[in-house]
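Residue numbers begin at 1 in each chain, while the letters A, B, ... track the order of the sequences.
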Amino acid sequence: MGEKTFYVTTPIFYVNAKPHIGHAYPTLVADTLTRFYRQRGVDSYFLTGTDEHGINIERAAAARGVALTKHVDEIVDEFKTAFAPLGIEYDQWIRTTDPGHEAAVAKLWRILDERGHIYKSRYEGWYCPNCNEFKEVDEKTSDLVCPTHERPLERLAEESYFFRLSAFQEPLLDHYAKHPEFVQPDVRRNEVISFVAGGLKDLSISRVSVKWGIPVPGDPKHTIYVWFDALSNYITALGWGTDEHQKFARYWPALHLVGKDILRMHAVYWPAFLMGAGIELPRTVYAHGMLLRGGQKMGKSLGNAIDLGVLKRHFAPDLIRYFLLREVAFGQDGEMTYEALIDRSNSDLADGLGNLASRTLTMVRNYFDGHPPRLRNEEQSETEDVSSRIEEAKRRFDEEFVALNFSRGLEAAWAGIARVDKFITDNQPWKLAKDPARRAQLESVLATAYEALRHLVLLVAPALPATSREIWNQMELAGDPLTIDPNKAVWGEPIEVSKIDRISPAFPKLDKGKIMAEIENENAAPVSEGVEAEDGGGKQAGNESAGLQAGMPALPEVPALPGPPATQIITIDDFAKVELRAATVLEAEKVPKADKLLRLIVDLGEPQPRQILAGIAQHYAPEEIIGRKIIVVANLAPRKLRGLESNGMLLAASVGEDGKPVLATFTEDVPNGARLK
RNA sequence: GGCGGCGUAGCUCAGGUGGUUAGAGCGUGGGAUUCAUAACCCCAAGGUCGGAGGUUCAAGUCCUCCCGCCGCUACCA
């Protein structure tokens, strides 16, 4: 290990959703990495936590009729409770409501202000409370819903402080160029560079209409933008900006694990803030992929979410962790299904590592009365290959884990396991055991197998902390495998061992049919356990990047209370302003050079047919829409799109993940121009 | 539309700077074995390496075009 210290962070989780596998994923990875470095003697620190400010939290608490602090406390507890059984051992759980954090964020603000990176202006535009982001939408034509959430946007016209993000375009590009490791994987770096090269606008970093947050220093009617608040956690947690900044000096800069959906905040905004304040940038922002099911993001609306509650009831924590590390290429999207989980468990863990331990220990117990034979220095050309393969596995494992290629690292370890299995089969110790004359050979074979297993268990310990300890104990070895550096374990060195007697499978074989049936039963009759619920609405349930509020769904239904007011209530007068009319499509054609646009000529019962444009070209061919009866918003302000004027908007349902449009129509004949009310 | 990436055995994927019979794991089929969680070990698929051209003595591996996916971004809804 070259590094002197290691500091890893997960996104901090936005407390308006229940914990789910999407939160657990980067957290398990961070935990594994921390164990990996720590096992190798690197001074390591693992930070996770919760993001608790913002308008959404404010509203959710209000909807529940609960005090804000009580509300967030309860949800934080839920997160901690959900993570505990997964074997996650973080060093610190930061909360953005921690007083120390709030003070340090204010300090960061003051520094940026003093250095001239902040100015006061006025913001007018549309805001998505789910993203906590301002959206650029065209109000004349838009539905005014957030493109990622399909939730209504909110109109904001208020005084706001701005961060001079635009001034950091060149410094950022320069940094990306000089530090290719700063944004990973490469694909993501390309995206970030392309985004920044496209020009940066100054960033609104305060809100006056939000109270639940950190006040702007010197201007308390403003509240600091939640992302500014949240991102700062990575340094405030270490005591930056306070008298207690030893950890900051010791551990910064960090490896930030983030979901690819919140990459921009981490790879553009965050380093710009830090540059502005003259603080060293993170070492790496690594964007991991999303967990998929059936090729699609997990989500309740699709009914395909993998549920933490179900996972915990049926599968061991080590298996969940191993699966995510081994099956999913970190940095790429990955499929996660219960079936695949069971298959991995059976083939890799039960038949692989588990069975190797089992057969080795059983023979030691049966042939050597439980006392593992040790290697002798005599000729053992046959075993030399085994030891060199194990060393190779160790070397590759470390190389890949440092590069965050967990899947490949584990592959290397398993190649080592296969080599030992083959060695045992080739040498047939069960036959040697029947011939007293070949006792020495038997000893050599089992000593080699046992020694190889010792090294392999050490190697995989960060990925299988609980079960590696279990196997280690069954091997009757002294100490804790998670505190022994595999690279310092010497082949054949003297070790402390006691008599082996209790042997039991560390990874019992899983009955796929049975487990799948059980899971299906549960899905049919959902068990009410807090941690498993996804949100009630929106398309973005389960899988969004853990935390930092990138599209976290709103709080799930609270018992005995109606759901939070995700939609604005309007009066009948508001509705009356909208003039909906029946119409018939007379002509339709694709608009050149536009992916989604169809140009329609519609009969609204008016003297002249109208031209309207509709963004449905990806789902409706012009010919299949001609002649259809549709519903049009007739009094929408005219709008030019692609140089063509649109005089109205057709109505369509937005269905599914990608908002596929389905045209609204009538089942009975309706004259053109008939008003809907 | 712009930028980036992908498309290799049933499935998931490896295949720096072009060069022997294109690989691995899983699944499947056959064999061998019995120490072990019916596990392990051995053998097998004969895959137009998305399609079409081109460069080259030689191309999954370079170039051009096309098709199909995906991401970011713009436009749009």
Give [X] one of three labels, base, sugar-phosphate or nothing, depending on what nucleic acid heavy atoms sit under 4.0 Å from its own.
X	value
Asn355(A)	base
Tyr367(A)	sugar-phosphate
Ala415(A)	nothing
Pro505(A)	base
Thr362(A)	sugar-phosphate
Gly354(A)	base

Spacing of the [atom1] atoms in [M] and [N] (rounded, Å):
N	M	atom1	value
A22(B)	A14(B)	C1'	11 Å
U12(B)	C66(B)	P	28 Å
U34(B)	U20(B)	C1'	40 Å
G60(B)	G16(B)	P	13 Å
G27(B)	C11(B)	C1'	7 Å
G19(B)	U56(B)	C1'	11 Å
G23(B)	A44(B)	C1'	16 Å

Open item on the list: Heavy-atom nearest nucleotide on RNA chain B for Ser358(A) versus Glu411(A): which residue maps closer to 5'?
Closed with: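 Whichever sits nearer the 5' end wins; that is Glu411(A).
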- [ ] Would you mind telling me which residue lines up with the more 5' stretch of RNA chain B, Val192(A) or Arg408(A), judged by nearest nucleotide?
- [x]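 The residue mapped nearer the 5' terminus is Arg408(A).
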Open item on the list: Can you confirm whether Phe330(A) sits close enough to Asn405(A) that some side-chain heavy atom of one is under 4.5 Å from a side-chain heavy atom of the other?
Closed with: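 They are not in contact (no side-chain heavy atoms under 4.5 Å apart), so the answer is no.
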Task: Value rounded to 0.5 Å, distance of CD1 in Ile417(A) from CG in Leu353(A) - done: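 Between atom CD1 of Ile417(A) and atom CG of Leu353(A) there are 4.5 Å.
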Task: Chi-based syn or anti call at G7(B), which uses purine or pyrimidine torsion atoms and a 90° bound - done: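 Anti, angle beyond 90° from zero.
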Verify, without hydrogens or angle tests, whether [X] (side chain) and [Y] (backbone) share a donor-acceptor contact under 3.5 angstrom.
X	Y	value
Ser444(A)	Ala440(A)	no
Asp333(A)	Met290(A)	yes
His288(A)	Val258(A)	yes

TODO: Using both pair distances under 3.5 Å as the test, note the stems of at least 3 consecutive Watson-Crick or G-U pairs that include RNA chain B.
DONE: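 Only these stems qualify: B:1-7 with B:67-73, B:10-13 with B:23-26, B:28-31 with B:41-44, B:50-54 with B:62-66.
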Nearest to the side chain of [X] - [options]?
X	options	value
Lys422(A)	A36(B), C26(B), C41(B)	C41(B)
Asp351(A)	A39(B), A36(B), G15(B)	A39(B)
Ser347(A)	C41(B), C26(B), U34(B)	C26(B)
Arg264(A)	U73(B), G4(B), C72(B)	U73(B)
Met363(A)	C35(B), U37(B), G71(B)	C35(B)
Asp426(A)	C41(B), C35(B), G4(B)	C41(B)
Ala418(A)	A14(B), C41(B), C40(B)	C41(B)
Ser194(A)	C3(B), A14(B), C35(B)	C3(B)

Open item on the list: Can you see if the side chain of Lys509(A) gets near the phosphate of A38(B) - specifically, an N or O under 4.0 Å from OP1 or OP2?
Closed with: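 Answer is no, no contact under 4.0 Å.
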